[in-house]
Enquirer: 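Pasting a structure here, questions to come.
As the structure is a computational prediction, the values presented were derived from the model and not from experiment.
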Amino acid sequence: MRAGKVVSGEEQVLKVVRSGKAHLVLLSDDASANTYKKITDKCSTYQVPLSQAGSRQALGRAVGKAERVVIAITDPGFSRAMRNRIPATDGGG
């Protein structure tokens with residue numbers, strides 16, 4: 001987060017997905033149905049890998065913030081390292 005390689009918040013994540021800068025999106029298990037659909041559809045359209053990543057509390061704690069429903073990794077090397085540790089779908093499918 002400090003290096004500026006992680007973006008959080010639904011609108012900010014959608015913005016980096018559309019711009020092609022997102023290399024991995026992490027979505028909490030307890031995201032609302034509307035948020036889940038919006039994020040998975042956008043990741044599928046733009047071919048961005050997507051992973052379910054625990055609760056919003058766990059996701060927020062992982063980036064040193066309060067609760068987070070969705071985050072995007074914008075660094076290719078960091079996203080590769082994350083994908084080696086967690087399962088992700090290719091293109092949000």
Enquirer: For Thr45 and Asp41, indicate whether the former's side chain and the latter's backbone hold a donor-acceptor pair under 3.5 Å.
Expert: yes
Enquirer: Just by modelled atom types, is the Ser32 backbone N or O under 3.5 Å from a matching donor or acceptor in the Thr35 side chain?
Expert: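 Side chain of Thr35 to backbone of Ser32, a donor-acceptor pair under 3.5 Å: no, none is there.
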Enquirer: List the atom of Val48, the atom of Leu24, and the distance in Å for their closest heavy-atom pair.
Expert: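 In terms of heavy atoms, the two residues are closest at CG1-N, 4.1 Å.
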Enquirer: Among Gln57, Arg61, Arg56, which residue meets the side-chain hydrogen bond (donor to acceptor under 3.5 Å, both in side chains) test with Glu67?
Expert: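 The option that passes is Gln57.
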Enquirer: Does any part of the side chain of Ile71, heavy atoms only, come nearer than 4.5 Å to the side chain of Val25, both counted from C-beta?
Expert: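 Not touching, per the 4.5 Å side-chain cut-off.
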Enquirer: Write down the atom of Tyr36, the atom of Gln52, and the distance for their closest heavy-atom approach.
Expert: CE1-OE1, 2.9 Å
Enquirer: Within this structure, what is the CG-CG distance for the pair Asp29 and Leu59, rounded to the nearest 0.5 Å?
Expert: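 These two atoms lie 9.5 Å from each other.
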Enquirer: May I have the step-by-step check of side-chain contact (heavy atoms from CB on, under 4.5 Å) for Leu14 and Ile39, ending in yes or no?
Expert: CA-CA 7 Å; Leu14 290 173; Ile39 297 296; 3.7 Å; yes
Enquirer: Assess, by modelled atom type and distance only, whether the side chains of Ser28 and Asp30 contain a donor and an acceptor separated by less than 3.5 Å.
Expert: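 There is such a pair between these side chains.
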Enquirer: Less than 4.5 Å apart, any side-chain heavy atom of Gln12 and any of Val16?
Expert: no
Enquirer: Might you point out which heavy atoms bring Pro49 and His23 nearest each other, and give the distance in Å?
Expert: CD-O, 3.4 Å
Enquirer: Can you find a heavy atom in the side chain of Val69 that is under 4.5 Å from one in the side chain of Glu10?
Expert: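 Val69 does not reach Glu10 side chain to side chain.
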Enquirer: Quick one: salt bridge (Lys or Arg N to Asp or Glu O under 4.0 Å) partners of Lys15, sequence neighbours excluded?
Expert: none
Enquirer: Side chains of residues 74-81: which donor-acceptor partners sit under 3.5 Å, not counting sequence neighbours?
Expert:
{"unit_1": "Thr74", "atom_1": "OG1", "unit_2": "Lys5", "atom_2": "O", "d": "3.1"}
{"unit_1": "Asp75", "atom_1": "OD2", "unit_2": "Gly77", "atom_2": "N", "d": "3.4"}
{"unit_1": "Asp75", "atom_1": "OD2", "unit_2": "Phe78", "atom_2": "N", "d": "2.8"}
{"unit_1": "Ser79", "atom_1": "OG", "unit_2": "Asp75", "atom_2": "O", "d": "3.4"}
{"unit_1": "Ser79", "atom_1": "OG", "unit_2": "Pro76", "atom_2": "O", "d": "2.9"}

Enquirer: Partners of Lys21 by salt bridge (Lys or Arg N to Asp or Glu O under 4.0 Å), sequence neighbours excluded?
Expert: none
Enquirer: Checking side-chain contact (heavy atoms from CB on, under 4.5 Å) for the pair Thr40/Leu50: CA distance, chi angles, key distance, verdict?
Expert: CA-CA 7 Å; Thr40 56; Leu50 172 70; 3.3 Å; yes
